Q: 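Input: one structure, supplied below.
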Amino acid sequence: MDFCLSTSNLTNSSPVPTKFIQKTTIQIRFADLKDVKALADVLVQSFHLSENWFSWFYPLLKLGICEDLRTRLRSKSPYYQCLVALILEKEEVIGTAEICLRDWFLSQKRACYISNLAVSSSYRRQGIAKQLLLKCEKVAEEWNCELLHLHVLEDNLAAKQLYLTNGYRSQRVENSLQSWLFKKPRRLLLEKKVKN
């Protein structure tokens with residue numbers, strides 16, 4: 001399943017030149033094994049770039065993420081998909097999201113969980129994350145899920161705004177020992193009802 005959009009319809013609030021935006025087509029498709037290294041780069045840069053030790057552990061961190069992705073992609077689970085957003089003309093991976101069927105404790109409703117939603121910093125604020133979310137919603141509908149869940153860090157204001165404006169609502173705040181001991185931000189569990 002492929003989904004294409006032209007970035008000429010997206011808002012131009014990024015450092016990417018307008019000339020480049022108007023000629024670019026973004027494709028969203030299901031990932032395969034050849035995408036693993038590029039997806040790992042996007043994930044490491046999105047979630048770990050601010051860490052002080054980043055440069056020392058980058059190769060090890062990327063290797064771990066590559067192996068995790070390979071394992072999930074090879075599992076061939078009928079209820080797992082990794083999405084990749086790429087610039088069609090250059091085959092450059094610029095975003096990703098994963099979705100899986102998740103059984104929640106004491107929940108009677110069939111729910112999907114979105115994780116690792118990330119867009120390369122040069123391509124943010126152009127609607128790519130929203131398109132990845134919409135594709136996840138289509139997958140959830142195909143799997144007959146009633147609910148979509150995801151986590152976001154309490155201090156990630158841009159991501160929270162994206163999710164809230166796309167119909168996600170806060171379900172609970174999750175305190176962890178790490179957030180208490182190291183003064184790390186808490187995680188919020190968000191939920192959206194899927195249209196079936």
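Everything quoted here is computed from the prediction, not taken from an experiment. For this chain, numbers begin at 1 and follow the sequence in order.
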Q: Salt-bridge test for Arg72 and Glu98: reply yes if a basic N is under 4.0 Å from a carboxylate O, no otherwise.
A: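 Yes, charged N to carboxylate O under 4.0 Å.
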Q: Decide if atom NZ of Lys160 counts as having more than 12 heavy atoms of other residues, nucleotides or ligands within a radius under 6.0 Å.
A: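 Yes, the 6.0 Å shell around NZ holds more than 12 heavy atoms from other groups.
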Q: Do Leu147 and Lys192 come close enough that some side-chain heavy atom pair is under 4.5 Å?
A: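 Side-chain contact under 4.5 Å: no.
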Q: Is the backbone of Ser122 close enough, under 3.5 Å, to the side chain of Ser120 for a donor and an acceptor to pair up by distance?
A: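 Judged by distance alone, no pair lies under 3.5 Å.
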Q: Would you call Lys138 and Leu134 a side-chain contact if the rule is heavy atoms closer than 4.5 Å?
A: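 The answer is no, as the side chains (C-beta and beyond) never meet within the 4.5 Å cut-off.
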Q: Side chains of Tyr168 and His149: do they bring a donor and an acceptor to under 3.5 Å?
A: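 No, His149 and Tyr168 have no side-chain donor paired with an acceptor closer than 3.5 Å.
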Q: Is any side-chain heavy atom of Leu133 closer than 4.5 Å to a side-chain heavy atom of Tyr163?
A: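 A side-chain contact under 4.5 Å exists here.
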Q: Determine, using the 4.5 Å side-chain heavy-atom cutoff (strictly less than), whether Leu164 and Leu132 are members of one ILVMFWY cluster.
A: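 No; tracing contacts between hydrophobic side chains, which count when under 4.5 Å, never links both residues.
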Q: What heavy-atom pair brings Pro185 and Glu154 nearest, and what distance separates the two atoms?
A: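 Minimum heavy-atom contact is CB-N, 4.4 Å.
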Q: Are Gln45 and Ser121 side-chain neighbours, meaning at least one heavy-atom pair lies under 4.5 Å?
A: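 Gln45 vs Ser121: side chains apart.
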Q: Has Ser46 got a side-chain atom pairing as donor or acceptor with Leu43's backbone, closer than 3.5 angstrom?
A: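 Between the backbone of Leu43 and the side chain of Ser46 there is no qualifying donor-acceptor contact (under 3.5 Å).
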Q: To the nearest 0.5 Å, what is the distance between NZ (Lys135) and CG (Leu83)?
A: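 The NZ atom of Lys135 sits 7.0 Å away from the CG atom of Leu83.
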Q: Can you tell me how far apart CG (Leu88) and CD1 (Ile28) are? Round to the nearest 0.5 Å.
A: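 One gets 11.5 Å once the value is rounded to the nearest 0.5 Å.
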Q: For Leu148 and Ala140, which heavy atoms make the closest approach, and how far apart are they?
A: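 Taking every non-hydrogen atom into account, CD2-CB, 4.0 Å.
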Q: To the nearest 0.5 Å, what is the distance between NE2 (His151) and CG (Asn116)?
A: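 If I round to the nearest 0.5 Å, the distance is 12.5 Å.
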Q: Closer than 3.5 angstrom, by distance alone: can the side chain of Arg110 be matched with the main-chain N or O of Trp143 as a donor-acceptor pair?
A: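 Yes; judged by distance alone, with no hydrogens or angles, the pair exists.
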Q: If you group Ile, Leu, Val, Met, Phe, Trp and Tyr by side-chain heavy-atom gaps below 4.5 Å, do Leu157 and Leu190 land in one group?
A: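 No, no single cluster joins them.
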Q: For the residue pair Ala159 and Val152, what are the closest heavy atoms and their distance?
A: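 Smallest interatomic distance, heavy atoms only, reads CB-CG2, 3.7 Å.
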Q: From Ile99 CD1 over to Glu142 CD, what is the distance, rounded to the nearest 0.5 angstrom?
A: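 The distance works out to 9.5 Å.
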Q: Do the non-hydrogen side-chain atoms of Glu146 and Val194 ever get within less than 4.5 Å of each other?
A: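 Not touching, per the 4.5 Å side-chain cut-off.
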Q: Hey, quick one: are Val42 and Leu63 part of the same hydrophobic cluster, counting side-chain heavy atoms closer than 4.5 Å, chains of contacts allowed?
A: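 They do not share one cluster, since no chain of ILVMFWY contacts under 4.5 Å joins Val42 to Leu63.
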Q: Would you name the heavy atoms of Leu39 and Gly95 that are closest together and state the gap between them?
A: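 In this case the closest contact between Leu39 and Gly95 is CD2-O, 4.0 Å.
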Q: Hey, what do you get for CZ (Arg172) to CZ (Arg187), rounding to the nearest 0.5 Å?
A: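 Atom-to-atom, Arg172:CZ and Arg187:CZ are 9.0 Å apart.
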Q: Please tell me whether Ile87 and Val119 are part of a single hydrophobic cluster in this structure, the criterion being side-chain heavy atoms less than 4.5 Å apart.
A: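 Shared cluster, yes.
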Q: Inspect the contact between Arg70 and Glu67 and indicate whether a charged nitrogen and a carboxylate oxygen are less than 4.0 angstrom apart.
A: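 Yes.
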Q: Crowded around Lys62 NZ? As in, over 12 foreign heavy atoms under 6.0 Å?
A: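 Yes, the 6.0 Å shell around NZ holds more than 12 heavy atoms from other groups.
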Q: Please find the pair of heavy atoms, one from Leu69 and one from Cys82, that lie closest to each other, and give the distance.
A: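 Scanning both residues, the minimum pair turns out to be CD2-SG, 4.4 Å.
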Q: If you compare all heavy atoms of Leu101 against all heavy atoms of Cys145, which two are closest, and at what distance to 0.1 Å?
A: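 For Leu101 and Cys145, the tightest heavy-atom pair comes out as CD1-SG, 3.5 Å.
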Q: How many angstroms lie between atom CG of Leu86 and atom CD1 of Ile26, to the nearest 0.5 angstrom?
A: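 Between Leu86 CG and Ile26 CD1, I get 7.5 Å after rounding to 0.5 Å.
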Q: Does Glu191 form a side chain to side chain contact (heavy atoms under 4.5 Å, CB included) with Gln171? I'd like the steps, not just the answer.
A: CA-CA 6 Å; Glu191 177 181 276; Gln171 288 302 107; 3.3 Å; yes
Q: Report yes or no: does Asp35 contribute a side-chain atom to a donor-acceptor pair with the main-chain N or O of Asp32 at less than 3.5 Å?
A: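 A pair under 3.5 Å: yes.
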